[in-house]
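Below: the structure, in structure tokens.
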Amino acid sequence: MSRRDSRLKTEYAEPSRKRSGLIADIAALIKLRQTTLLVVSMYASFILGGGIGYPLKMHMLVVALGYIAISSVTAINMYFDRDIDAIMPRTMERPLASGRLNPNMVLAVSISLLVASLALASIYINIYYSIAIAIGFMFDIVAYTILLKRKTPLSIVAGAVAGGAPSLGGWAAATGTIDVNALLLSLLVVVWVPAHIWFLATFYREDYRRASVPMLPVVADPNVTAMGIGFGALIMGYVIVGLWLNRVIGAVSLAYGLFASTHLFAMAVNYGLTGGDEIYARRAFKITNMHLGILYMVMVLEKAIAPGLSLGLD
Ligand code: HEM
Ligand SMILES: CC(C)=CCC/C(C)=C/CC/C(C)=C/COP(=O)(O)OP(=O)(O)O
């Protein structure tokens with residue numbers, strides 16, 4: 001392994017590399033940090049949909065079934081990706097890639113938990129929450145992982161739809177349906193994904209090249225990638241305004257959302273100007289994740305503290 005690879009391998013170690021044992025392996029298997037932000041997107045949509053007044057039991061069901069469903073889908077993705085994960089320094093220490101966990105056992109348990117989450121959601125929440133889980137599974141595992149990831153940079157379009165599915169489920173748990181506002185909350189994640197993955201894939205360009213995974217930063221000029229991230233940031237701004245005009249979010253969330261999307265656009269421009277510099281891209285990746293997490297926190301707090309703060313809409 002080259003000096004650079006060993007730097008990459010350690011620079012961005014996943015939880016299991018820092019700690020050992022079954023708990024760390026499970027955390028790595030379910031990509032705990034990614035799954036947590038996905039559940040945050042689901043719970044935020046539940047609160048924005050009016051879930052705040054629901055009994056605690058419903059809040060716990062939305063979060064618990066979200067974790068079970070998203071963790072299961074992520075583990076199934078790792079089952080199918082264990083061959084290429086074993087090639088990339090970033091992922092070669094993962095439980096399945098490294099052989100520490102039995103793939104067939106993981107697949108059986110994950111499918112069982114996924115089916116259980118679908119059934120429990122239909123019974124205790126509603127059918128639309130289950131439909132959101134099914135959309136997440138179909139777009140992440142069938143479309144993204146099995147059909148597209150190893151063939152085309154457009155694979156992240158499917159992955160993005162999967163990433164937007166939790167928002168559909170959270171909104172549906174509060175409102176009983178999937179409407180245009182649920183789609184807007186889902187679209188917020190979808191258009192954030194290009195910045196998320198393409199900044200990161202730039203830092204791990206050699207990893208993806210070695211595993212023959214055609215992420216855009218591997219196969220295209222940095223200005224093409226910058227253009228994709230820039231358009232995603234632009235559409236994110238439109239989605240934020242649409243959510244405010246529909247009274248889903250208030251003025252404070254509008255302000256932060258526009259700041260975040262403008263910052264993403266500026267980082268896309270700088271990314272292009274630096275010719276896709278890896279170190280800049282890694283910092284931009286972290287900032288991109290931070291913006292989405294803070295935006296959800298602002299939206300939920302504003303809904304809880306000042307639900308009527310809409311600044312001139314009334
Ligand atoms: C096409 C869709 C997506 C792709 C290809 C993707 C890919 C990745 C990759 C490769 C990592 C690094 C994992 C590691 O080595 O530790 C990662 C981390 C992460 N992802 Fe995603 N992701 C996608 C969608 C999402 C979505 C929709 C969310 C949340 C709404 C999300 C949240 C995160 C978080 C929070 C991390 C951890 C970041 C950190 O550790 O600082 N991802 N993602
Ligand atoms: C409601 C529900 C069940 C929704 C599913 C949400 C979900 C798991 C989205 C996955 C997003 C995604 C494509 C991650 C990248 O995987 P990767 O294989 O490219 O990442 P890696 O290289 O780190 O393994």
Side-chain angles (χ1 to χ4, degrees), residues 8-9 11-18 27-42 44-45 65-82 84-85 87-94 96-97 110 113-114 117-118 121 129-141 143-146 148-150 153-170 172 185-186 188-201 203-204 207-208 211 213 215-216 282-283 285-293 295-296:
L8 287 181
K9 186 168 172 294
E11 178 125 348
Y12 192 67
E14 289 189 332
S16 62
R17 286 198 209 118
K18 292 175 183 167
L29 187 68
I30 66 172
K31 279 183 86 175
L32 183 59
R33 288 177 293 194
Q34 175 171 280
T35 293
T36 297
L37 189 52
L38 283 158
V39 172
V40 163
S41 74
M42 185 175 237
S45 299
L65 291 182
Y67 259 111
I68 294 169
I70 297 169
S71 298
S72 307
V73 168
T74 303
I76 294 168
N77 158 276
M78 294 227 179
Y79 171 85
F80 285 104
D81 275 354
R82 63 192 188 280
I84 56 173
D85 281 354
I87 299 170
M88 297 189 281
R90 171 176 66 86
T91 54
M92 62 176 40
E93 293 292 319
R94 285 177 167 174
L96 292 183
S110 303
L113 287 172
L114 180 62
S117 69
L118 283 162
Y129 189 101
S130 296
I131 288 171
I133 294 173
I135 290 169
F137 169 79
M138 289 304 293
F139 277 87
D140 182 21
I141 303 302
Y144 174 74
T145 305
I146 295 172
L148 298 174
K149 178 176 176 180
R150 303 178 191 213
L154 284 163
S155 62
I156 69 118
V157 173
V161 174
S167 302
L168 299 176
L185 284 167
S186 184
L188 176 64
V189 179
V190 167
V191 296
W192 167 88
V193 161
H196 171 71
I197 180 55
W198 287 340
F199 281 142
L200 186 78
F203 183 70
Y204 286 109
D207 270 33
Y208 282 113
V213 174
M215 285 291 174
L216 196 62
R282 184 172 180 280
R283 193 156 50 86
F285 166 74
K286 288 288 190 183
I287 293 169
T288 300
N289 296 335
M290 178 202 70
H291 273 319
L292 191 64
L295 179 58
Y296 282 128

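Computed from a predicted structure; not experimentally measured. First listed ligand is number 1; within each ligand, the first listed atom is number 1.
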Counting heavy atoms under 4.0 Å, the part of Q34 that contacts ligand 2 is side chain
Does even one non-hydrogen atom of L292 get within less than 4.0 Å of ligand 1? yes
Looking at ligand 1, is there an atom of it that comes within less than 4.0 Å of some heavy atom belonging to Y208? yes
In this structure, does ligand 1 have an atom that sits under 4.0 Å from one of the heavy atoms of S41? no
Does only the side chain of A160 get under 4.0 Å from ligand 1, or the backbone, or both, or neither? Count heavy atoms. backbone
Closest to atom 24 (O) of ligand 2 by heavy-atom distance, out of M215, R94, M88, is R94
Examine D85 against ligand 2 and note whether any of their N/O atoms are separated by less than 3.5 Å. no
Quick look: T35 vs ligand 2, heavy-atom contacts under 4.0 Å, and the answer is neither
Within the structure, does T91 bring an N/O atom to less than 3.5 angstrom of an N/O atom in ligand 2? no
Out of curiosity, is A132 lining ligand 2, as in a heavy atom under 4.0 Å away? yes
Is it the case that ligand 1 has an N or O less than 3.5 angstrom from some N or O of H196? yes
Considering both backbone and side-chain atoms of T74, is one of its nitrogen or oxygen atoms within less than 3.5 Å of a nitrogen or oxygen in ligand 2? no
Does ligand 2 have any atom that is closer than 4.0 Å to a heavy atom of K149? yes
So, regarding D140 and ligand 2 (criterion: nitrogen or oxygen to nitrogen or oxygen, under 3.5 Å), is there a contact or not? no
Between the candidates S41, G159, G66, which shows the shortest non-hydrogen contact distance to atom 11 (C) of ligand 2? G159
Going by heavy atoms, is Y204 under 4.0 Å from ligand 1? no
